[in-house]
Amino acid sequence: MSKKKVTVIPGDGIGPECVNSAVDIINATGVQIDWIERHAGERVFAQGIASGVPQDTIDSINETRLVLKGPLGTPVGYGEKSANVTLRKLFETFANIRPVRELPGVVTPYSGRGIDLVVVRENVEDLYAGIEHMQTPDVAQCLKLISAKGSEKIIRLAFEFARSEGRKSVACATKSNIMKLTEGELKRTFERIAPEYPEIESWHVIIDNCAHQLVKKPEQFDVIVTTNMNGDIISDLTSALVGGLGFAPSANLGSGIAIFEAVHGSAPKYAGKNVINPTAVVLSGVMMLKYMGEFEAAEAVEHAVLVTLEQGNLMGDVVGYDKGVSTSDYTKKIIGNLGKRSSAYTVRKAKPIQFPTISRNQVFRRANTKEIVGGDIFVESALPPAELGPSLESIAADSPLRLKMISNRGTKVYPDGNANIDCVSHHRCRFVHRDGLSVSFADVINLARKINETHEVCHVERLLRIDGADGFTKAQGED
Ligand code: NAP
């Protein structure tokens with residue numbers, strides 16, 4: 001039988017130790033894998049490759065379509081992009097699946113409650129598109145992009161994943177009460193698709209309450225599907241419920257491509273010390289085996305991990321680094337336990353995930369009618385709203401558009417503004433047609449040009465009405 005090729009990226013910091021452990025254990029199951037070693041992350045940045053991902057790594061992933069990777073160190077703040085995010089985006093791995101479960105011997109305040117849940121995190125959209133601009137020298141902006149297609153993909157995948165693992169419920173966690181158009185898109189998509197999976201219970205939970213409920217009663221959750229940033233945060237939280245990042249695996253899934261990695265980072269302070277817990281990468285390997293259809297081997301590794309922990313082989317992250325088993329001994333013990341089965345803990349019987357087929361059309365949802373009813377013209381100004389407002393009104397006197405209001409960071413400050421608002425230099429000036437009619441984009445741009453002769457325009461947005469519904473939200477205090 002021909003060997004299946006897998007690209008293996010050892011990664012930075014503790015990455016190589018964790019990945020070697022997982023590779024040794026997987027090899028010991030007898031599954032035939034041809035590991036193709038490639039690199040990304042810090043050593044690649046050091047070679048001057050700004051993406052952190054060299055071409056031969058990209059070529060290898062394009063060929064194998066399967067990756068087991070260690071964590072990659074990311075420079076913080078300015079400079080290079082995260083090589084992890086680059087990999088996820090390059091291969092459009094739109095779903096990040098992050099399961100956690102209670103493990104034997106890993107005592108936490110939640111032990112005995114049977115936590116066994118999965119966060120399904122949208123992986124390529126949201127604020128993590130990383131589209132940021134300084135709007136003024138002292139106001140930064142990050143675009144939160146949520147598409148109808150992206151929402152459909154992640155929601156369908158969450159339900160398909162739940163079905164493949166025989167899970168009973170899917171909760172959708174969003175901040176749709178505040179971000180009605182972006183987070184609301186995911187919620188509406190969830191509510192539309194959920195009835196197609198009648199055997200799975202579904203409900204919506206606001207993300208902050210979700211965090212609260214996860215700490216209070218985590219066992220109520222089975223699958224949680226959410227947007228990128230929400231998922232990033234709550235999945236670190238869920239890993240802490242079962243003993244920490246050392247036990248939290250993940251899969252990044254796209255159409256026909258999959259990258260398996262721990263949730264944790266490169267924890268550089270532990271690198272090379274043979275003390276780090278490799279379980280998260282080993283369990284990521286279990287997820288990879290299931291994805292490959294190697295269910296028997298996956299089950300064998302999962303049981304071997306459970307038995308190894310039941311035997312009391314705990315590592316420094318659980319019992320303190322002066323008392324823990326070493327990474328290499330822990331790996332040997334798991335290998336030695338292959339074939340044994342835990343009597344107290346069960347392993348889920350999984351079936352292959354039915355990947356949703358979603359149209360690749362760029363225009364995913366067509367509008368019957370789309371009109372422009374005004375424009376938000378953003379102005380950089382040090383003027384107080386009570387002066388800026390009349391100035392804009394006089395500039396717009398000849399335009400078909402009139403100034404409806406000015407808001408500062410989302411709260412109306414003109415007319416009849418709230419005097420308590422501590423304004424910054426970035427004003428959203430909302431113009432609408434004088435008689436409530438639709439306008440052309442040229443009308444908005446012409447007005448912006450005219451305003452720019454007196455003030456500094458820093459951004460322009462159309463106010464769309466799509467199929468009769470407003471495609472924009474109101475400011476706090478706007479009628
Ligand atoms: P981190 O590497 O995940 O480490 C944070 C803490 O988590 C560690 O100090 C350690 O806690 C614990 N920890 C992490 N992995 C562990 C393991 N295998 N076993 C036991 N404990 C473990 O997070 P970070 O320090 O914020 O990030 C370091 C670098 O990793 C950054 O450059 C970051 O950008 C990158 N990163 C990469 C990925 C990825 O490749 N997917 C993900 C996240 C972060 P204690 O100190 O309490 O022992």
Side-chain angles (χ1 to χ4, degrees), residues 8-22 38-46 51-53 57 67-91 93 96-98 100 103 106 108 119 121 123-124 128 130 228-229 231-233 235-252 258-285 287 305 309 313-328 330-331 334:
V8 61
I9 300 174
D12 300 318
I14 59 169
E17 291 161 80
C18 298
V19 169
N20 286 342
S21 166
R38 290 289 182 270
H39 295 281
E42 281 166 7
R43 73 156 84 174
V44 179
F45 286 124
S51 68
V53 186
T57 301
V67 183
L68 181 66
K69 73 174 271 288
L72 307 176
T74 311
V76 177
Y78 291 89
E80 294 88 346
K81 290 257 178 194
S82 155
N84 292 305
V85 178
T86 302
L87 275 173
R88 286 173 204 159
K89 285 179 156 294
L90 266 180
F91 296 100
T93 54
N96 187 212
I97 315 264
R98 295 183 162 188
V100 294
L103 292 163
V106 186
T108 73
V119 175
R121 164 190 171 193
N123 215 21
V124 290
Y128 288 47
N228 203 341
M229 180 142 150
D232 195 6
I233 296 167
S235 60
D236 262 36
L237 186 160
T238 54
S239 75
L241 300 175
V242 298
L245 287 171
F247 297 99
S250 84
N252 299 286
I259 303 174
F260 299 87
E261 62 178 336
V263 170
H264 65 70
S266 58
K269 68 179 171 186
Y270 297 118
K273 294 187 175 155
N274 199 24
V275 295
I276 204 67
N277 185 354
T279 309
V281 182
V282 173
L283 293 178
S284 304
M287 295 179 85
V305 169
L309 292 169
N313 297 297
L314 296 168
M315 305 210 53
D317 56 333
V318 181
V319 292
Y321 285 97
D322 50 336
K323 300 190 203 79
V325 182
S326 70
T327 312
S328 48
Y330 183 73
T331 306
I334 294 175

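Both counts, for ligands and for their atoms, begin at 1 and track the order of listing. The shown structure was predicted, so the numbers you read here are calculated from the model rather than taken from an experiment.
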Item to check | Option with minimal heavy-atom separation from atom 13 (N) of ligand 1, where the choices are Leu245, Val318, Asn277 | outcome: Leu245

Next on the checklist: Could you work out, for atom 9 (O) of ligand 1, the closest of Arg88, Lys269, Met315 by heavy-atom distance?
Outcome noted: Lys269

Checklist outcome for this item: Minimal heavy-atom distance between Met315 and Pro278, with the atoms involved, is SD-CD, 3.4 Å

Checklist outcome for this item: Heavy-atom nearest pair, Val282 first then Ser21, reads CG2-OG, 3.8 Å

Item to check | Ionic contact status for Glu261 with Arg98, cut-off 4.0 Å | outcome: no

Tell me the contacting part of [X] for ligand 1: side chain, backbone, both, or neither, using a 4.0 Å heavy-atom threshold, strictly below.
X      : value
Glu261 : side chain
Phe247 : neither
Asn84  : side chain

Checklist outcome for this item: Separation between CD1 (Ile259) and CG (Asn252), nearest 0.5 Å, reads 5.5 Å

Item to check | N/O donor-acceptor pair under 3.5 Å between Thr93 side chain and Arg88 backbone | outcome: yes

Next on the checklist: Between Thr331 and Thr327 (side chain of the first, backbone of the second, donor and acceptor by atom type, cut-off under 3.5 Å), is there such a pair?
Outcome noted: yes

Item to check | Val263 to ligand 1, any heavy atom closer than 4.0 Å | outcome: yes

Checklist entry - Stepwise, does the side-chain hydrogen bond (donor to acceptor under 3.5 Å, both in side chains) test hold for Lys89 with Asn123? => result CA-CA 8 Å; Lys89 285 179 156 294; Asn123 215 21; over 6 Å; no

Next on the checklist: What I want to know is whether Gly73 and ligand 1 share at least one N or O pair that is separated by under 3.5 angstrom.
Outcome noted: no

Would you mind listing which atoms of ligand 1 come within a distance below 4.0 Å of any non-hydrogen atom of [X]?
X      : answer
Ile14  : 15 (N), 18 (N)
Leu72  : 35 (C), 36 (N), 37 (C), 39 (C), 40 (O)
Ala267 : 2 (O), 4 (O)

